[in-house]
Amino acid sequence: MKTTKYKASKHFEAAQIQRPYLTLENCAAVIDSPLKMIQQDDGRFVFWGEEQGTGRFLRVVTEADKLEVITAFRDRRFKL
Amino acid sequence: MRINYQADSDMLLISLSDIASDESEEIAPGVVFDFSVTGDIVGIEVSAASQKMDVSRLIADNAVERKNVTATRSEWSAIDAAAQAQGMSRSAYLVHAATASAKQPKAKPMSAPRAKASPGVLAKSISGGQVSVRAHVKRTGKSKGATGSDKKFG
């Protein structure tokens with residue numbers, strides 16, 4: 001799995017403390033194979049995808065370049 | 001409780017507990033609550049925070065975070081005089097000074113407007129967006145100038 005092209009923002013690193021399940025790798029997997037993707041009005045992209053091995057869903061927000069991960073979390077509201 | 005604001009991404013993270021988040025839910029546009037395994041709220045994340053609240057105070061607080069503001073009694077008196085001249089509490093004046101300093105591109109010593117003495121505690125240096133507050137002598141005991149609005153930094 002290639003993850004080197006993705007970059008964690010400072011906020012993402014801070015969020016990892018609160019959300020220890022977050023890794024750049026599992027976010028990269030969602031960005032690479034999203035179940036759903038939208039672009040916000042501010043240009044940022046939001047991706048939803050299954051978190052590997054848990055059956056839960058991650059929401060990943062990136063900058064407009066789709067490379068810098070701003071934040072991510074297990075979205076308990078997301079349904080297929 | 002910890003508050004972390006990143007100006008570059010305009011993201012605010014409030015940690016209410018040291019307990020880890022297990023899952024989250026967006027309860028309003030751009031506002032996400034973090035829940036523990038037991039369902040307790042352990043954190044709040046706000047996107048586009050500057051559009052939802054006044055973050056200038058957060059920027060200032062980040063700037064002076066973990067910095068001890070200590071001064072002699074005479075220095076505190078000078079600071080209090082400067083704060084009073086601007087109609088501010090001591091803590092509000094220190095935050096105001098830090099905010100103004102953080103907006104400047106280069107380090108510049110700040111003087112206390114209309115203060116009789118120049119409070120050395122307000123001399124600041126800025127490096128990489130961080131503001132350090134220097135003081136000459138650690139504050140000890142009670143000061144006549146101290147008020148209930150004192151803010152402890154650090």
- Task: May I ask you to test the A/R19-B/D34 pair for a side-chain heavy-atom distance under 4.5 Å?
- Result: yes
- Item | Validation row: A/R59, B/E26 side chains within 4.5 angstrom (heavy atoms) | yes
- Query: By a 4.5 Å heavy-atom criterion (distance strictly below it), what part of A/L22 contacts chain B: side chain, backbone, both, or neither?
  - Reply: neither
Hey, any chance [X] and [Y] share a hydrophobic cluster, counting ILVMFWY side chains that come within less than 4.5 Å of each other, even indirectly?
{"X": "A/I70", "Y": "A/L67", "value": "no"}
{"X": "A/V60", "Y": "A/F45", "value": "yes"}
{"X": "A/V30", "Y": "A/F12", "value": "yes"}
{"X": "B/M11", "Y": "A/V46", "value": "yes"}
{"X": "B/V55", "Y": "B/I14", "value": "yes"}

- Query: Could you go step by step and tell me if A/H11 and B/S9 meet the side-chain contact (heavy atoms from CB on, under 4.5 Å) rule?
  - Reply: CA-CA 7 Å; A/H11 175 79; B/S9 56; 3.8 Å; yes
- Item | Leading residue by heavy atom contact count with chain A [cutoff under 4.5 Å; candidates B/L12, B/I19, B/D8, B/D22] | B/D22
- Distance-minimising heavy-atom pair for B/N4 and A/A14: ND2-CB, 3.8 Å
- Check the side chains of A/Q18 and B/S21 for a donor-acceptor pair under 3.5 angstrom, ignoring hydrogens and angles. no
- Message: Can you confirm whether B/Q84 is buried at CD, in the sense that more than 12 heavy atoms of other residues, nucleotides or ligands lie under 6.0 Å from that atom?
- Response: no
- Heavy-atom pairs under 4.5 Å with chain B, option from A/R44, A/E68, A/E63 with the top count: A/R44
- Task: Test B/E45 against A/T71 for side-chain hydrogen bond (donor to acceptor under 3.5 Å, both in side chains), laying out the working first.
- Result: CA-CA 9 Å; B/E45 181 185 76; A/T71 189; 2.6 Å; yes
- Message: Could you measure the distance from the CD atom of B/E25 to the CZ atom of A/R76? Nearest 0.5 Å is fine.
- Response: 4.5 Å
- Message: Rounded to the nearest 0.5 Å, what separates atom OG in B/S47 from atom CD in A/Q40?
- Response: 7.0 Å
- Query: Between B/E23 and A/F73, is a side-chain contact (heavy atoms from CB on, under 4.5 Å) present by the stated rule, with each step listed?
  - Reply: CA-CA 7 Å; B/E23 59 183 3; A/F73 56 87; over 6 Å; no
